[in-house]
Amino acid sequence: MSARDRLIVGLDVPTIAEAERVVRTLGDTALFYKIGYQLVFAGGLEFARDLARDGKKVFLDMKLLDIDNTVAKGVENIVKMGMSMLTLHAYPKAMAAAVAAAKGSDLCLLGVTVLTSMDAKDVIDAGYEYDPHTLVLRRAEQARVAGMGGVVCSAEEARAVRKIVGPDMAIVTPGIRPAGAEPGDQKRVMTPADALKAGSSHLVVARPIVKAADPLAAAKAILAEMDGALAA
């Protein structure tokens, strides 16, 4: 895959109008977009369908988690939308239900391991007995066994996760920040080049692009850095 295939621009913006502006600005430079809660609740599901119809790839970041039947029925409808990727929390029963529902489709199911905004204290406060790294690896193994298309983790864990999931599963890493960029609310971050070298297959970049003074220049700079890493 080229850098353009691997870069997922996070449309973490409040309105469809602003999302449309970002997509117009980036033009053919960006192929892949992430749509999450903020935009979904502003009409983002129909916008996601429009992007897919226009030939863009869409990563629907819904982090599904519910009883098996509810997860399965949701996935069945998301398959019909033409989405490329979908997230759900990496709980074994939910993943198994989603894999069965998506069977035969091109939808890549991603198990979210540990959010990149969480550190060791946050994981403990959430009631888990594992540190973030251990919990990520445990959930990556469960995603592999379930037959998922990939996992979401921080780039800090990508190298270890790659050893668990093998060469074919996607490793999608948010918390990507170009050198010198502010981390914001992310606690486990890495540069685009370092993330690819660590084993990430796809990089999710939102604020460093969509909040930049010149989003197109920011996207091109990140793609150039990624190209350099892939050519090394």
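These figures come from a predicted structure and were not determined experimentally.
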Give me the atom names and distance for the closest heavy-atom approach of [X] to [Y].
{"X": "A146", "Y": "A96", "value": "CB-N, 4.4 Å"}
{"X": "A219", "Y": "L7", "value": "O-CD2, 4.5 Å"}
{"X": "V165", "Y": "A140", "value": "CG1-O, 3.9 Å"}
{"X": "G82", "Y": "A52", "value": "O-CB, 3.8 Å"}
{"X": "S117", "Y": "D122", "value": "O-OD2, 3.5 Å"}
{"X": "A48", "Y": "V58", "value": "O-CG2, 3.7 Å"}

Backbone N or O of [Y] within a donor-acceptor pair of the [X] side chain at under 3.5 Å?
{"X": "S201", "Y": "A170", "answer": "no"}
{"X": "R162", "Y": "M169", "answer": "yes"}
{"X": "T25", "Y": "R21", "answer": "yes"}
{"X": "E18", "Y": "V13", "answer": "no"}
{"X": "R4", "Y": "D28", "answer": "yes"}
{"X": "S200", "Y": "T173", "answer": "no"}
{"X": "D5", "Y": "S2", "answer": "yes"}

*List the steps, then state whether side chain to side chain contact (heavy atoms under 4.5 Å, CB included) holds for Q142 with M148.*
CA-CA 9 Å; Q142 291 170 331; M148 296 283 282; over 6 Å; no
Within this structure, what is the [atom1]-[atom2] distance for the pair [X] and [Y], rounded to the nearest 0.5 Å?
{"X": "L109", "Y": "M95", "atom1": "CG", "atom2": "CE", "result": "10.5 Å"}
{"X": "L135", "Y": "M118", "atom1": "CG", "atom2": "CE", "result": "8.5 Å"}
{"X": "D119", "Y": "D125", "atom1": "CG", "atom2": "CG", "result": "8.5 Å"}
{"X": "I164", "Y": "R159", "atom1": "CD1", "atom2": "CZ", "result": "14.0 Å"}
{"X": "I171", "Y": "H202", "atom1": "CD1", "atom2": "NE2", "result": "11.0 Å"}
{"X": "H89", "Y": "D66", "atom1": "NE2", "atom2": "CG", "result": "11.5 Å"}

Are [Y] and [X] connected in a single hydrophobic cluster, I mean Ile/Leu/Val/Met/Phe/Trp/Tyr linked by side-chain heavy atoms less than 4.5 Å apart?
{"X": "V99", "Y": "I67", "answer": "no"}
{"X": "L230", "Y": "L223", "answer": "yes"}
{"X": "I16", "Y": "Y37", "answer": "yes"}

4.5 Å side-chain heavy-atom contact, [X] and [Y]:
{"X": "I78", "Y": "L60", "value": "yes"}
{"X": "V114", "Y": "Y128", "value": "no"}
{"X": "L110", "Y": "L86", "value": "no"}
{"X": "I8", "Y": "L31", "value": "no"}
{"X": "F32", "Y": "V9", "value": "no"}
{"X": "L196", "Y": "M226", "value": "yes"}
{"X": "L51", "Y": "Y33", "value": "yes"}
{"X": "L88", "Y": "V112", "value": "no"}

*Apply the test side chain to side chain contact (heavy atoms under 4.5 Å, CB included) to residues L203 and R6: give CA-CA distance (whole Å), side-chain angles for both, the deciding distance (0.1 Å), then the verdict.*
CA-CA 6 Å; L203 310 183; R6 296 171 183 267; 5.7 Å; no
_Could you check whether atom CG of D106 has more than 12 heavy atoms from other residues, nucleotides or ligands sitting under 6.0 Å from it?_
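Atom CG in D106 is not crowded, with 12 or fewer foreign heavy atoms closer than 6.0 Å.
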*Just do the side chain to side chain contact (heavy atoms under 4.5 Å, CB included) check on D12 and L39 with the steps written out, would you?*
CA-CA 7 Å; D12 295 341; L39 200 59; over 6 Å; no
*For V172 and M85, what are the C-alpha separation, side-chain angles and deciding distance, and is it a side chain to side chain contact (heavy atoms under 4.5 Å, CB included)?*
CA-CA 10 Å; V172 179; M85 287 180 169; 4.1 Å; yes
_Going by side chain to side chain donor-acceptor pair (under 3.5 Å), E141 matches just one of R138, R139, R144. Which one?_
R144
*asked:* Salt bridge check, K56 against D50: does any charged N sit closer than 4.0 Å to a carboxylate O?
replied: no
*Pairing of R53 and E46 as salt bridge, 4.0 angstrom limit*: yes
_Criterion side-chain contact (heavy atoms from CB on, under 4.5 Å) against K220, the qualifying member of I209, L26, T29, D214_ = T29
